[in-house]
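Working notes, beginning with the structure itself.
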2 protein chains.
Amino acid sequence: MKRHGNQLEWALHCAVVLAGLDAGKRLSAGSLAELHGVPPKYLAKALQLLANAEIVNSAPGPKGGYCLAKSADEISVLDVVDAVEGGEPLFRCQEIRRRGPCQSIGAKHFAKSCQIADVMWRAEEAWRAELARVTLADIGQRVLTEVSVKVLGVVQDWVDAQTT
Amino acid sequence: MKRHGNQLEWALHCAVVLAGLDAGKRLSAGSLAELHGVPPKYLAKALQLLANAEIVNSAPGPKGGYCLAKSADEISVLDVVDAVEGGEPLFRCQEIRRRGPCQSIGAKHFAKSCQIADVMWRAEEAWRAELARVTLADIGQRVLTEVSVKVLGVVQDWVDAQTT
DNA sequence: TGATTGCAGACAATAAATATCCATAATAGT
DNA sequence: ACTATTATGGATATTTATTGTCTGCAATCA
């Protein structure tokens with residue numbers, strides 16, 4: 001089974017930060033990396049994935065950087081997950097049911113998908129459905145109500161200093 | 001994010017095969033490996049995980065091998081997944097929210113878990129709930145009704161030959 | 001023009017999954 | 001008692017995936 005790598009966590013945090021950014025402002029990959037304490041060049045790779053998926057908009061040059069490509073309530077967590085993880089399934093069926101003594105049996109006898117893969121994929125659909133129902137706007141809302149004003153203030157001030 | 005690897009698929013298939021085994025019979029790691037066309041020594045590692053989790057019962061010696069440790073309707077797919085994957089979460093929160101400009105802020109300001117991790121973990125719970133609701137008996141039932149009699153017969157004959 | 005930034009590809013380092021090997025112990029049959 | 005079979009656990013090797021860096025290039029702004 002495949003587990004989520006760090007790039008996904010970073011991308012999600014970046015997306016939420018960008019969702020809270022004032023209209024017209026941008027944050028560079030370097031700033032986002034510093035904010036989260038992660039390697040800048042590598043984070044840039046994750047941000048590129050988000051840009052390719054048209055989740056964020058990028059601009060080169062001084063005053064360049066990233067902002068959301070659409071409204072925060074139009075971007076689900078699943079969108080970000082699929083962008084970073086490439087939309088690959090958690091469980092990959094290798095059809096091992098057809099090997100061994102069964103490998104001489106014609107393919108037509110295996111028309112239906114493997115019952116085990118079915119179960120894993122149904123569970124994966126439930127997972128995706130949960131991720132699809134939550135938007136960046138939802139998370140931003142929760143952050144505003146749940147995070148201490150102290151932390152909120154420090155981050156806001158730091159972001160303001162970055163975007164001048 | 002982490003994806004499900006081969007050991008899990010192999011373990012699930014082995015568990016379902018063992019669920020369909022006649023009472024009192026066993027299959028060795030070597031037989032199960034041959035049936036699924038996978039490396040015997042490595043499959044043995046996966047079977048050991050199932051044995052340690054008390055999902056299967058093992059016996060050494062000639063006529064030894066594996067059988068289910070309890071009734072097939074008492075073993076969920078989640079049981080097998082957790083046994084093989086060690087119960088580790090798909091998404092691991094590294095608390096990157098506390099880094100950068102926030103690292104000087106006291107831990108008490110971060111009492112609640114990260115909102116992003118919350119979303120990922122809720123989705124993971126939905127995934128686990130789906131896996132928990134399906135038992136090996138359920139899969140065995142579906143296999144009997146969905147798989148062609150041809151395949152069913154070949155496998156049955158092959159297993160009979162192994163268990164003598 | 002020079003500084004800043006994103007982009008894409010190549011490359012290197014590290015971690016994880018995959019796979020094998022060995023020594024040991026238990027069991028069944030002879 | 002002896003042999004063949006099988007599971008166990010640890011050590012180790014191999015392969016693959018992830019993580020991370022570097023370079024050259026294009027776009028933007030002052």
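Throughout, a chain's letter reflects where its sequence line sits, starting with A, and its residues are numbered from 1.
- A donor-acceptor contact under 3.5 Å links the side chain of K45(A) to the base of dG9(C).
- Side-chain atoms of S113(A) and D118(A) form a donor-acceptor pair, as typed in the model, at a separation below 3.5 Å.
- Atom pair W10(A):CH2 and dT19(D):C1' shows a separation of 7 Å (rounding to whole Å applied).
- With 3.5 Å as the limit, one finds no donor-acceptor pair spanning the side chains of E9(A) and Q94(B).
- When the C1' atom of dA8(C) is taken as reference, atom CG of L49(A) falls 12 Å away, rounded to whole Å.
- When D157(A), L35(A), V155(A) are each tested for a side-chain contact (heavy atoms from CB on, under 4.5 Å) with P101(B), only one passes: L35(A).
- With respect to the salt-bridge test (charged N to carboxylate O, under 4.0 angstrom), the residues R128(B) and D82(B) qualify.
- As rounded to whole Å, 9 Å separates atom P of dT19(D) from atom CD of Q94(B).
- With sequence neighbours excluded, the residues satisfying side chain to side chain contact (heavy atoms under 4.5 Å, CB included) with Q162(B) are L27(B), S31(B), W158(B).
- Between the NZ atom of K41(A) and the C1' atom of dA10(C) there is a distance of 13 Å, given to the nearest Å.
- Residues Q156(B) and D160(B) bring a donor and an acceptor atom of their side chains to less than 3.5 Å of each other.
- Phosphate contact (OP1/OP2 of dT4(C), side-chain N/O of S28(A), threshold under 4.0 Å): absent.
- Within a heavy-atom distance below 4.0 Å of DNA chain C, no residue of residues 13-27 of chain A is found.
- Separating the CD atom of E34(A) from the P atom of dT4(C) is a distance of 15 Å, rounded to the nearest angstrom.
- For A29(A), taking side-chain heavy atoms from C-beta onward, the closest of the listed nucleotides dT18(C), dG6(C), dT8(D) is dG6(C).
- What separates CG of N6(A) from P of dT21(D) is a distance of 13 Å, to the nearest Å.
- Spacing between atom CG of L50(B) and atom P of dA7(D) amounts to 13 Å, rounded to whole angstrom units.
- As a whole-Å value, the separation of E88(B) CD from dA15(C) P is 16 Å.
- Going from atom CG of L68(A) over to atom CG of L136(A) covers 6.0 Å, rounded to the nearest 0.5 Å.
- Around NZ of K150(A), the count of heavy atoms belonging to other residues, nucleotides or ligands within 6.0 Å does not exceed 12.
- The two atoms that bring R122(B) and E130(A) nearest to each other are O-CG, 4.3 Å, heavy atoms only.
- Close to dC7(C), at under 4.0 Å from its OP1 or OP2, lies a side-chain N or O of Y66(A).
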query = Where along nucleotides 24-30 of chain C does protein come under 4.0 Å, by heavy atom, of base (B) or sugar-phosphate alone (S), with - for untouched nucleotides?
reply = --BBS--

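- Using a 4.0 Å heavy-atom cutoff across all strands shown, A44(A) reaches no nucleic acid atom at all.
- With distances taken from any side-chain atom of N52(B) to the nucleotides dA8(C), dT21(D), dG9(D), the minimum falls on dG9(D).
- Shown here is E95(A), whose CD atom has more than 12 heavy atoms of other residues, nucleotides or ligands within 6.0 Å.
- Of the side-chain N and O atoms in Q48(B), one or more sit less than 4.0 angstrom from OP1 or OP2 of dG9(D).
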